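See below for the structure under consideration.
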Amino acid sequence: MSVRAPRYSAWSLLRGRFSGPGFWRPLWSGRQLQKAYDVVVVGAGGHGLATAYHLARDHGVRRVAVLEKRLVGYGNVGRNTTIVRSNYLLPQNHYFYEDALRRWETLSRDLNYNVMYSPRGVLDLALSDGEMVSLARRGNAMRLAGIDAELMDRAGVMKFAKELVPAGTRRFDIVGGLLQQRGGTVRHDAVAWGYARAASALGVDIIEDCEVTGLVTTAGVATGVETSQGPVAAGQVVFAVAGHTGAIGTMLGVPLPVETHLLQAMVTEPIKPLINSVLIYVHPHGEVYILQSDRGGVVMGGFLDGFPSYTREGRWSRLEDVVQSAVALLPQIAGLRVLRHWAGTNDMTMDGSFIIDRIRYDNVFLNGGWCYGGFKSIPASGAACAQFVATGTAPDLIRAHTLSRFASGHLLDERGGGPFPVRL
Amino acid sequence: MMRLTCPFCGARELHEFQFHKTAPEPGANPFAAVYERVNRTDISQEYWQHLHGCRAWLYVSRNPSTGEVYQVHLLGTQS
Ligand SMILES: Cc1cc2nc3c(=O)[nH]c(=O)nc-3n(C[C@H](O)[C@H](O)[C@H](O)COP(=O)(O)OP(=O)(O)OC[C@H]3O[C@@H](n4cnc5c(N)ncnc54)[C@H](O)[C@@H]3O)c2cc1C
Ligand SMILES: [Zn+2]
């Protein structure tokens with residue numbers, strides 16, 4: 001049964017302004033958990049919600065539930081630094097992320113919810129000739145695939161990112177950069193809320209405070225899940241639990257090529273517009289990315305904390321490292337105060353690429369291994385995963401992202417780093 | 001979790017140490033030992049190195065959900 005949500009428009013905003021209380025409805029309905037579903041999706045992060053939305057919208061699956069241990073948006077979908085881009089090296093990855101980027105461009109209209117896609121440009125910086133060569137290689141691979149990429153020399157970078165002046169204060173000067181202009185940011189909370197609202201309007205049950213604690217099977221087929229609110233029968237089950245992917249593997253008795261690492265981010269007090277794009281610098285000992293939120297805060301993040309953790313408490317030395325790198329690039333921000341910092345649990349795979357595949361049972365699917373880059377992929381992942389579940393066949397875009405690729409040697413090792421998520 | 005106690009150097013700041021991987025299950029086949037990880041949320045048994053210290057290889061058991069460190073041994077001497 002679908003609950004009609006009012007369509008948002010300039011007109012509805014105006015009406016809301018002049019209507020009494022009660023005009024604005026909750027974004028998703030608080031429906032009760034049912035005894036049985038066609039598909040149970042575990043985890044109301046971006047991937048779980050998008051998968052449920054596409055199952056209902058594109059494939060007409062009638063009874064879909066998303067079961068969430070905590071709250072919609074509590075996980076990484078509400079903790080990330082909101083950067084979207086498709087500047088990947090490997091074809092199996094860049095075509096997929098490009099599909100996602102195209103979907104971001106129209107998502108606000110599709111969901112009837114403003115997700116604030118801002119194509120402000122993502123600029124990867126090179127501070128040495130060697131880094132420039134590797135950016136050129138990546139940029140060429142993208143252009144061969146028809147994806148926008150612009151290699152810039154020092155003058156080009158300085159013209160595009162004026163905040164990087166004053167030069168001469170840096171120990172290592174900027175050599176050049178690789179710009180993806182269509183990359184940028186998307187408001188992360190809006191993505192969670194927008195998908196939840198749209199899925200709910202299509203009849204999907206979104207059940208919060210409902211932890212999945214086990215899988216029920218009969219004769220080698222999954223028949224449902226055990227939850228903290230009791231058993232639920234399911235025709236098919238999709239696990240989209242991001243940072244808890246490894247734990248789900250343990251629950252299913254399938255050891256996974258996954259390690260859970262914390263990633264931190266922070267935001268400063270708001271300042272006037274300074275940084276117009278997303279600045280990224282990856283160096284041999286870590287990385288830093290910097291952007292300015294619409295509210296004016298400088299958002300910064302860097303590399304993983306470096307060891308398995310579910311605490312969501314970041315490690316101090318990483319915070320220092322990110323701040324030092326950011327200040328080295330933008331000495332002007334040295335005096336700002338950090339308002340908040342936080343961490344999320346990331347499901348790092350042994351080749352750095354994601355997994356969408358069946359796991360152990362024919363009717364159980366894993367959507368995970370998103371590493372630290374799984375926000376930008378949400379729209380493509382939801383569409384592809386839903387198609388896989390509904391039709392039984394993986395679409396071409398995710399055909400290479402199997403679980404068996406690790407054993408067969410068909411790794412998608414974007415970084416060329418070997419079977420370790422962290423090598424510093 | 002801010003520090004680890006190296007059996008040789010004592011309690012030292014975390015950034016002196018490098019995590020390597022979780023210890024494979026006994027009898028794990030070579031593929032599992034290289035690519036798969038033991039993902040338990042209550043206890044994690046791991047190989048670390050005191051990289052920026054005495055460089056000893058260590059066997060650490062911790063609770064990855066609370067950050068509590070149970071034991072640190074020289075690798076090979078854990079019970
Ligand atoms: C600090 C930080 C910065 C990041 N920056 C970026 C970025 O700029 N760009 C980018 O592309 N990516 C970024 N990422 C990565 C991105 O956020 C994640 O890869 C992505 O959000 C993960 O997918 P999700 O949204 O489905 O996960 P989540 O939102 O974590 O959803 C998983 C959900 O599953 C639930 N769950 C777990 N176990 C169970 C269970 N047993 N039963 C029921 N529910 C369960 C969890 O509570 C959670 O809500 C960043 C991550 C972090 C932490
Ligand atoms: Zn030592």
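Letters A, B, ... mirror the listed sequences (proteins, then strands); counts begin at 1. Keep in mind that this is a model prediction, so the values were computed, not measured.
- There is no side-chain donor-acceptor pair under 3.5 Å between B:N63 and B:D42.
- Using a 4.5 Å cut-off between heavy atoms, B:F31 touches chain A through its side chain atoms alone.
- Between chain B and the options A:T260, A:T311, A:I248, the largest number of non-hydrogen pairs under 4.5 Å is found for A:T311.
- Residue pairs meeting the salt bridge (Lys or Arg N to Asp or Glu O under 4.0 Å) criterion with at least one member in residues 20-32 of chain B, sequence neighbours excluded, do not occur.
- For chain B, the option among A:G249, A:P421, A:G418, A:P257 with the highest count of heavy-atom pairs below 4.5 Å is A:P257.
- Checking A:D305 against A:Q264 by side-chain atom types alone, a donor-acceptor pair falls below 3.5 Å.
- Looking only at atom types and distance, the side chain of B:Q18 has no donor-acceptor partner in the side chain of B:H20 under 3.5 Å away.
- Of the atoms belonging to A:L262, not a single heavy atom falls under 4.5 Å from chain B.
- Both the backbone and the side chain of B:S65 come within less than 4.5 Å of a heavy atom in chain A.
- The aromatic ring centres of B:H52 and B:F17 sit 6.0 Å or more apart.
- Contact count versus chain B (heavy atoms, under 4.5 Å) is highest, among A:P419, A:S309, A:P308, for A:P308.
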